K.L.:
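My questions all concern the structure below.
Computed from a predicted model, the values in this text were never measured in an experiment.
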Amino acid sequence: MNPKNKPLIKKAAALNYEMGVDSAPKLIAKGQKEVANKIIEIAKANNIPIKEDKDLVELLSQLELNQEIPTELYKAVAEIFSFIYGLSQKN
């Protein structure tokens, strides 16, 4: 446990995609332990949807920051964006 008695997230990654600007989503943040918790904290504070996918986070963690995701990850990331779109339609 961390000092605030919150369980530590082992890894986290954040993606960004700007339609008409980016050709593919980009990795904009990644980290482990305390850094992962900070990524989650910032996302929650900014009402950014969060989707847990340990396998995808592991793959994204291997990318460089600001790197576009490789084509091999398009399907998995499309599922995440579909999840986010579904959430936004409920609001």
K.L.:
Return the CG to CD1 distance between Asn37 and Ile42, rounded to the nearest 0.5 Å.
P.N.:
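Answer for the CG-CD1 pair, Asn37 versus Ile42, is 11.0 Å.
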K.L.:
Would you call Lys44 and Ile50 a side-chain contact if the rule is heavy atoms closer than 4.5 Å?
P.N.:
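Contact flag for Lys44/Ile50 side chains = yes.
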K.L.:
Using modelled atom types and a 3.5 Å cut-off, is there a donor and acceptor pairing between side-chain atoms of Asp22 and backbone atoms of Pro25?
P.N.:
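Such a contact is absent between Asp22 side chain and Pro25 backbone.
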K.L.:
Treating Ile, Leu, Val, Met, Phe, Trp and Tyr as nodes and any side-chain heavy-atom pair under 4.5 angstrom as an edge, say whether Ile28 and Val77 lie in one connected cluster.
P.N.:
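Ile28 does not cluster with Val77.
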K.L.:
Can you name the nearest heavy-atom pair linking Gly31 to Ala36, along with the distance?
P.N.:
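That closest heavy-atom pairing would be O-CB, 3.5 Å.
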K.L.:
Verify, without hydrogens or angle tests, whether Gln67 (side chain) and Glu64 (backbone) share a donor-acceptor contact under 3.5 angstrom.
P.N.:
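Answer holds: yes.
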K.L.:
Where the side chain of Ser61 meets the backbone of Val57, is there a donor-acceptor pair that is under 3.5 Å apart?
P.N.:
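Flag set: sc Ser61 to bb Val57 pair under 3.5 Å.
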K.L.:
Would you say Met19 ends up clustered with Ile48 if hydrophobic residues are merged whenever their side chains have heavy atoms under 4.5 Å apart, either directly or through other cluster members?
P.N.:
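They do not share one cluster, since no chain of ILVMFWY contacts under 4.5 Å joins Ile48 to Met19.
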K.L.:
So how far is it from Leu73 CG to Leu63 CG, rounded to the nearest 0.5 Å?
P.N.:
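The distance works out to 6.5 Å.
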K.L.:
Could you please spell out the steps behind the side-chain contact (heavy atoms from CB on, under 4.5 Å) verdict for Lys26 and Leu15?
P.N.:
CA-CA 5 Å; Lys26 292 180 184 177; Leu15 298 172; over 6 Å; no
K.L.:
For the CD atom of Glu79 and the CD1 atom of Ile84, what is their distance to the nearest 0.5 Å?
P.N.:
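Reported to 0.5 Å precision, the distance equals 12.5 Å.
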K.L.:
Give the cluster check for Ile69 versus Tyr17: same hydrophobic cluster or not, with ILVMFWY residues linked at side-chain heavy-atom distances below 4.5 Å.
P.N.:
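Ile69 and Tyr17: one cluster.
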K.L.:
So, taking the atom named CD in Glu68 and the one named CG in Leu27, what distance separates them when rounded to the nearest 0.5 Å?
P.N.:
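So the gap between those two atoms works out to 11.5 Å.
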K.L.:
CD of Glu18 to CG of Asn16: how many Å apart, nearest 0.5 Å?
P.N.:
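Separation between the atoms: 5.5 Å.
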K.L.:
Taking 4.0 angstrom as the limit, do Glu41 and Lys38 come out as a salt bridge?
P.N.:
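Looking at Glu41 and Lys38, the cut-off is met.
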K.L.:
Looking at CD of Gln32 and NZ of Lys11, how far apart are the two atoms once the value is rounded to the nearest 0.5 Å?
P.N.:
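Here the rounded value is 5.0 Å.
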K.L.:
Give a yes or no answer on whether the side chain of Lys30 reaches the backbone of Ala14 with a donor-acceptor pair at less than 3.5 Å.
P.N.:
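Answer holds: no.
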K.L.:
Same cluster for Leu56 and Leu65 if Ile/Leu/Val/Met/Phe/Trp/Tyr side chains link at under 4.5 Å?
P.N.:
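Yes, Leu56 and Leu65 fall within the same hydrophobic cluster.
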